[in-house]
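Heads up, the thing below is written out as structure tokens.
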Amino acid sequence: MVVQEQLTKEYAQKLDQQNELKMYRDEFYIQPGVIYFDGNSLGLLSKRAESTLLQLVDSWKKYGIDGWTNGDHPWFYLSEKLGKGNAPLIGAEPEETIVTGSTTINLHQLVATFYKPEGKKTKILADELNFPTDIYALKSQLQLHGYAPEEHLVQVKSRDGNTLQEEDIIEAMTDDIALIVLPSVLYRSGQLLDMKRLTAEAHNRGILIGFDLCHSVGSIPHSLSDWDVDFAFWCTYKHLNGGPGSVGGLYVNKRHFGTCPGLAGWFSSKKDKQFDMEHTLKAAPDAGAYQMGTPHVLSLAPLLGSLDLFNEVGIEKIRKQSLQLTNYLMTLIDAELSEYEFIVANPREDAARGGHIYLEHKEAARICKALKENNVIPDFRTPNGIRLAPVALYNTFEEVWETVQILRKIMKEEQYKKFENKRDVVA
Ligand SMILES: *Cc1c(COP(=O)(O)O)cnc(C)c1O
């Protein structure tokens, strides 16, 4: 039941005053007058991330080649150091995770490492709603093994076009499946899959399972080690605010330590052996083994500051605040936009959704353009989706309130009609 009071700006402001994370907003660069609800696509720059980026530029200036081993953050150990910083966010032991590569590269690496077709077990199980790059990577990995993707990539179907049923996924875990790759949070509908349950079911059938955490890392807590997930991979420029093209991350369950990297390079080496320059790889005994080449130091640098911020706050508190913001957004959408044919297409229950709200509308593309004209930054997803991500560390309840008022005005005045209902090049 919505109480009339909840619909007032004063109520939103009261929620902001009570927010125990409110001091963190000042740590971010927020353009005056702009409501940024796209932190699930590209997170904003924090002052801490800027500062560590500048520190590493400075270490290059000061040390030249010796920056690999000198200064506060020697480059040679940076990926491992960030892996440690990242571990609490995914519920892993520090050696189980490393910051390296990108989502797509890490997926290639992990599939090259863990997809070992044998006997009847030759297929890979995915879903039909995943982000295209994941599917392209899986298909090309199958091709490299000489398997036709049309037959060997099984994609679980969605019943409603937006979400997956865990029962359907489990039913698809047949005895010809060797490996499963699924998203934690679906990039469109924001559905959060039950990773614990799916992992247990996969393992009961002798299947390895890995997750793409792009839309959950930095937004929801994970317990990858406790759930016994085999591997995971993610990007760091969305909720983790690492900056455009920041270096990704991967997780390998310690049960699998010692498994040869499918795609080796000299950074797969044990750190103390790497500069022996031998032609036989002595791989690192931990997740470090799944790195390939020289780390992209300047694209790692902002993560030092950003992860520091996440670990200071703690992911549990971030999740709590994120759920409050998105619940409030849904309440206001239900109350204020009911006459305008919006559909809240993300799951409603807290346990089944991530950090963004997914609104469907047949005029979505041009409504997004009208939002931008009103200084609200949403995210359009073809064909008819509007993603809105009020982010725990820097968005406010008042911004949520304001956005719904603006949406209402756009619909009432039909402001969207002056734009074409077509996406731009990006988004
Ligand atoms: C953002 C995203 C990616 C991006 O992959 P990159 O290699 O960083 O370009 C991949 N998968 C999912 C599910 C994503 O949300």
Side-chain angles (χ1 to χ4, degrees), residues 37-44 82-83 86-87 89-92 97-111 126-138 162-164 180-195 198 209-222 224 227 229-252 290 296 299-300 302-303 306-307 310 315 318-319 322 326 346-347 352-358 379-382 385 387-389 391-393 426-427:
F37 274 0
D38 209 0
N40 62 324
S41 232
L42 186 88
L44 292 180
L82 287 166
N86 188 80
L89 298 180
I90 57 164
T97 174
I98 188 96
V99 176
T100 187
S102 67
T103 310
T104 311
I105 288 174
N106 292 339
L107 172 57
H108 271 293
Q109 169 70 294
L110 292 162
V111 176
D127 68 280
E128 68 164 4
L129 298 178
N130 206 342
F131 198 83
T133 203
D134 298 55
I135 300 301
Y136 301 163
L138 294 175
N162 281 326
T163 58
L164 300 168
I180 303 173
V181 177
L182 291 167
S184 50
V185 168
L186 276 62
Y187 77 99
R188 270 210 202 91
S189 69
Q191 181 190 12
L192 168 60
L193 293 177
D194 186 341
M195 289 177 266
L198 293 169
I209 184 163
F211 291 95
D212 179 333
L213 308 183
C214 280
H215 277 278
S216 62
V217 72
S219 166
I220 65 165
H222 306 72
L224 297 187
W227 301 336
V229 168
D230 292 290
F231 62 87
F233 52 96
W234 55 88
C235 60
T236 58
Y237 48 77
K238 292 173 180 163
H239 288 282
L240 286 183
N241 312 321
S246 59
V247 177
L250 64 78
Y251 159 88
V252 170
Y290 308 97
H296 302 167
S299 297
L300 286 166
L303 285 167
S306 189
L307 288 179
F310 275 85
I315 191 65
I318 289 172
R319 172 63 166 167
S322 157
T326 46
N346 53 274
R353 61 192 183 83
H356 68 265
I357 292 305
Y358 187 60
D379 203 25
F380 171 69
R381 277 298 171 263
T382 194
R387 294 192 307 193
L388 296 170
V391 165
L393 289 177
V426 174

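Judged purely by atom type and a 3.5 angstrom limit, N106 uses its side chain to pair as donor or acceptor with the backbone of T100. Judged by distance alone, the side chain of T326 and the main-chain N or O of S322 form a donor-acceptor pair under 3.5 Å. Counting only distance, with no hydrogens or angles, the side chain of S306 and the backbone of G242 share no donor-acceptor pair below 3.5 Å. Remark: the backbone N or O of L186 is not paired with any side-chain donor or acceptor of Q191 at under 3.5 angstrom. Counting only distance, with no hydrogens or angles, the side chain of R387 and the backbone of G190 share no donor-acceptor pair below 3.5 Å. Judged purely by atom type and a 3.5 angstrom limit, H356 uses its side chain to pair as donor or acceptor with the backbone of R188. Looking only at distances, no side-chain donor or acceptor of D230 sits under 3.5 Å from a matching main-chain atom of G210. Looking at D38, its side chain never comes within 3.5 Å of a backbone N or O of D379 through a donor-acceptor pair.
Of all non-hydrogen atoms in S246 and T236, the two that sit nearest each other are OG-OG1, 2.6 Å. The shortest non-hydrogen separation linking V229 to F231 is CG1-O, 3.2 Å. Closest non-hydrogen pair, N241 versus G43, comes out as OD1-CA, 3.1 Å. Closest non-hydrogen pair, S41 versus K238, comes out as O-CG, 3.4 Å. The two atoms that bring I318 and G218 nearest to each other are CG2-O, 3.7 Å, heavy atoms only. Shown here for T103 and C214, the closest heavy-atom pair between the two residues is OG1-SG, 3.4 Å.
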Practice problem: Please assess W234 against T97 for the test side-chain contact (heavy atoms from CB on, under 4.5 Å), listing each intermediate value before the final yes or no. | Solution: CA-CA 11 Å; W234 55 88; T97 174; 3.6 Å; yes
Self-check item: side-chain contact (heavy atoms from CB on, under 4.5 Å) between L224 and F211, worked out
Solution: CA-CA 10 Å; L224 297 187; F211 291 95; 5.5 Å; no
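With no hydrogens or angles considered, a side-chain donor-acceptor pair links H222 and S216 at under 3.5 Å. Residues T163 and S189 bring no donor and acceptor atom of their side chains to less than 3.5 Å of each other.
Distance check: I315 CD1 to I90 CD1 gives 11.5 Å after rounding to the nearest 0.5 Å. To the nearest 0.5 Å, atoms CG (L198) and CG (L164) are separated by 9.5 Å. Atom NE2 in H215 sits 13.0 Å away from atom CG in L192 (nearest 0.5 Å). Once rounded to the nearest 0.5 Å, the distance linking CG of L388 with OH of Y358 reads 11.5 Å. Interatomic distance, L303 CG to N86 CG, rounded to the nearest 0.5 Å: 8.5 Å. The distance from the CG atom of L138 to the OG1 atom of T133 is 9.5 Å, given to the nearest 0.5 Å.
For the pair F233/V181, a side-chain contact is recorded, criterion being any heavy-atom separation below 4.5 Å from C-beta on. No side-chain heavy atom of Y187 sits under 4.5 Å from any side-chain heavy atom of N40. Considering only heavy atoms from C-beta on, S102 stays 4.5 Å or farther from H296 through its side chain. Looking at V99 and L300, their side chains come closer than 4.5 Å, going by heavy atoms from C-beta outward. Contact of the Y290 side chain with the I98 side chain is not registered, since no non-hydrogen atoms from C-beta on lie closer than 4.5 Å.
The only member of L213, D134, D127 that meets side chain to side chain contact (heavy atoms under 4.5 Å, CB included) when paired with P183 is D127.
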